[in-house]
Protein chains: 2
Amino acid sequence: MHKNNNVLDEKIEYLRTMCKLKGMRVTPQRVEIYKHVANSCEHPDAETIYESVKEKMPNVSVDTVYRTLASLEDMDMIFRVDNQLPKARFDADKTPHHHFLCVKCNEVYDIFLEPGEKVELPKNAERFGEIKDINVQIRGICNKCLQEQTNKQN
Amino acid sequence: MHKNNNVLDEKIEYLRTMCKLKGMRVTPQRVEIYKHVANSCEHPDAETIYESVKEKMPNVSVDTVYRTLASLEDMDMIFRVDNQLPKARFDADKTPHHHFLCVKCNEVYDIFLEPGEKVELPKNAERFGEIKDINVQIRGICNKCLQEQTNKQN
DNA sequence: TACTTAAATAGTAATTATTCTTATTAAGGA
DNA sequence: TCCTTAATAAGAATAATTACTATTTAAGTA
């Protein structure tokens, strides 16, 4: 599930560039936290990121994780995945894509568009203001959970 | 912004029917809480609903509001509006529609589809499991906030 | 390279939304 | 009207996130 190191290095270079652009310091905490989100396909929550970062940086504080995630979000480097759960989850993938949320296990799956496919805005959407982004969430029961249901019945 | 009383009465009748169907009691608290959500276009949060219900029922407890909202959600009578804010917001409108969320003032606007218009599922969506519902959130800056920005500049 | 300074951090306390606990009340069937 | 048990009020508890403050450190400058 991990992206190869070249891609990751590029992403960190991007973080450095963006930080400099915004007059923000490139701290090892920021690098480590961003690295974790950028390298994960699991749409991790703050706690998961904190636990993971703590392995390399035992003194990192929860506050730093939350603060950094907020900064990265401000810089448009990561995004919050809409979910109806108490824990916010994050995504560093800027390729336009949607999400399938399993209502049973809460797993989030990326839905990438086929080549040529594009998201259609409802015609009335523009009437309300200036659109920044569109977000499609599909809720349902994922294959893994459906399988488990079937297994229990037999 | 309030729906007329006939529509509201119908909705409450619907609540009675659904409660009976599910073997649940029709308590005045439930009626009042549902009435507030069904009668509002503002996608209120639990606290707002609590404050409003308290005017008629001063002894109602927060817990009852949360519990009732959860029951109504279980019955598919109300829905949670995806937002990236700490407070959950609710919607009793079952007509298929989307939402425009203002990132400045956090107002939620309903986007109804034009006749004949329909939501298009991404082709890959079905690959992940059984779809229950699709939810389109459009984030941006609403006209009111855009106007205020312009006013400040002059 | 060392010095300086403000931005960022660690550690911890505080806050906010929501949920749980328990004794009490009341809906609705008999 | 009575009985049963689901639902409630009140307040305590929890979970996620944010705020506070003393300390550290990134990075610009001499």
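Values below: every heavy atom of this structure, side chains too, minus hydrogens, waters and symmetry copies. All chains are named by letter (A, B, ...) in the order of the sequence lines, taking the proteins before the strands, and each is independently numbered beginning at 1.
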Double-helix bend of the helix from dT1(C)-dA30(D) to dA30(C)-dT1(D), axes at both ends from 5 pairs, round to 10°, gives 40°
Could you run through nucleotides 25-30 of chain D and give me one letter per nucleotide, 5' to 3': B if any protein heavy atom sits under 4.0 Å from the base, S if only the sugar-phosphate is that close, - if neither?
BBS---
Strictly distance-based, threshold 3.5 Å: is any side-chain N or O of Arg89(B) a donor or acceptor partner for the main-chain N or O of Glu42(B)?
yes
With heavy-atom distances below 4.5 Å as the criterion, would you say the side chains of His98(B) and Leu113(B) are in contact?
yes
Does one side chain, of Asn135(B) or His99(B), offer a donor that lies under 3.5 Å from an acceptor on the other?
no
Atom NZ of Lys56(B) with >12 non-hydrogen neighbours under 6.0 angstrom
no
Ignoring the backbone of Ser61(B), work out which of dA7(D), dA10(D), dT18(C) is nearest its side chain.
dA10(D)
Report the distance from atom CD of Gln84(B) to atom C1' of dA16(D), rounded to the nearest whole Å.
16 Å
A quick test of your reading: do over 12 heavy atoms of other residues, nucleotides or ligands sit less than 6.0 Å from NZ of Lys104(A)?
no
Indicate, with a heavy-atom threshold strictly under 4.0 Å, whether Asp63(A) touches base, sugar-phosphate, or nothing.
base
dA16(D) C1' sits how many Å from Leu85(A) CG, rounded?
12 Å
Counting only side-chain heavy atoms from C-beta out, which of dT9(C), dA16(D), dT8(D) sits nearest to Lys87(A)?
dA16(D)
Between Lys144(A) and Tyr109(A), is any side-chain donor less than 3.5 angstrom from a side-chain acceptor?
no
How long is the line joining CG of Leu69(B) and P of dA17(C), in whole Å?
15 Å
Given dT18(D), is OP1 or OP2 found less than 4.0 Å from the side-chain N or O atoms of Tyr66(A)?
no
For Tyr50(A) and dT12(C), give me the distance from atom OH to atom C1', rounded to whole Å.
11 Å
Atom CZ of Arg30(A) and atom C1' of dA10(C) are separated, to the nearest Å, by 15 Å
Taking atom types as modelled, find out whether Asp63(A) and Ser61(A) have a side-chain donor-acceptor pair closer than 3.5 angstrom.
no
Tell me what Val62(B) touches on the nucleic acid: a base, only sugar-phosphate, or nothing, going by heavy atoms under 4.0 Å.
nothing
Toward the 5' end of DNA chain D, by each residue's nearest nucleotide, Arg67(A) or Glu47(A)
Glu47(A)
Verify the contact: side-chain N or O of Thr64(B) to OP1 or OP2 of dT8(D), cut-off strictly under 4.0 Å; return yes or no.
no
Rounded to whole angstrom units, what separation is found between the CG atom of Asn83(A) and the P atom of dA16(D)?
12 Å
Could you state the NZ-C1' distance from Lys22(B) to dA7(D), rounded to the nearest angstrom?
18 Å
Rounded to the nearest Å, what distance is computed from the CZ atom of residue Phe90(B) to the C1' atom of nucleotide dT18(C)?
10 Å
Any side-chain donor near an acceptor of the partner, Thr48(A) and Asp45(A), under 3.5 Å:
yes
For Phe112(B), which residues count as a ring-ring contact (aromatic ring centres under 6.0 Å, His included) partner, sequence neighbours excluded?
His97(B)
Would you say Leu72(A) and Val37(A) make side-chain contact, with heavy atoms under 4.5 Å?
no
